[in-house]
Amino acid sequence: MVNELGWLYLGGMTVLFFFWAYGIVSFVLDLKNTIVPKTRQYIRGRRRLKEEEEREKEREEREKQLY
């Protein structure tokens, strides 16, 4: 049979387990809802800037060829 100290230990471990699980779930949701979308947006922006630079270089090259 479990004595009072054992019940206190089991209760404490149960509470700590729920906080631990809550922390993991919060971290995963933060990744899913904040970090991943911002990373994708950053990558899209970098690609867009690179494409615009390439178009500008091509346009300048065509202008040089015309003159």
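None of the values given here were measured: they were computed from a predicted structure. Residue numbers start at 1 and run along the sequence shown.
- For Tyr42, the ring pair (Phe, Tyr, Trp, His ring centres under 6.0 Å) test picks out no residue, with sequence neighbours left out.
- Following chains of ILVMFWY side-chain contacts shorter than 4.5 Å, one cannot reach Val15 starting from Tyr9, and the two form parts of different hydrophobic clusters.
- Trp20 and Phe18 fall within a single hydrophobic cluster, where Ile, Leu, Val, Met, Phe, Trp and Tyr are joined by side-chain heavy atoms under 4.5 Å apart, directly or via other members.
- With rounding to the nearest 0.5 angstrom, the OH atom of Tyr22 is 13.0 Å from the CD1 atom of Ile24.
- Using a 4.0 Å cut-off between a side-chain N of Lys or Arg and a carboxylate O of Asp or Glu, Arg59 and Glu56 qualify as a salt bridge.
- In this structure, Met13 and Leu10 have side chains that are not in contact, with every pair of non-hydrogen atoms separated by 4.5 Å or more.
- Here the CD1 atom belonging to Ile43 is positioned 12.5 Å from the CZ atom belonging to Arg48, to the nearest 0.5 angstrom.
- Other residues, nucleotides and ligands place no more than 12 heavy atoms under 6.0 Å from the CD atom of Glu4.
- In this structure, Arg47 and Lys50 have side chains that are not in contact, with every pair of non-hydrogen atoms separated by 4.5 Å or more.
- Among all heavy-atom pairs drawn from Asn3 and Gly6, the shortest one is OD1-N, 2.9 Å.
- Using a 4.0 Å cut-off between charged nitrogen and carboxylate oxygen, Lys57 and Glu53 do not count as a salt-bridge pair.
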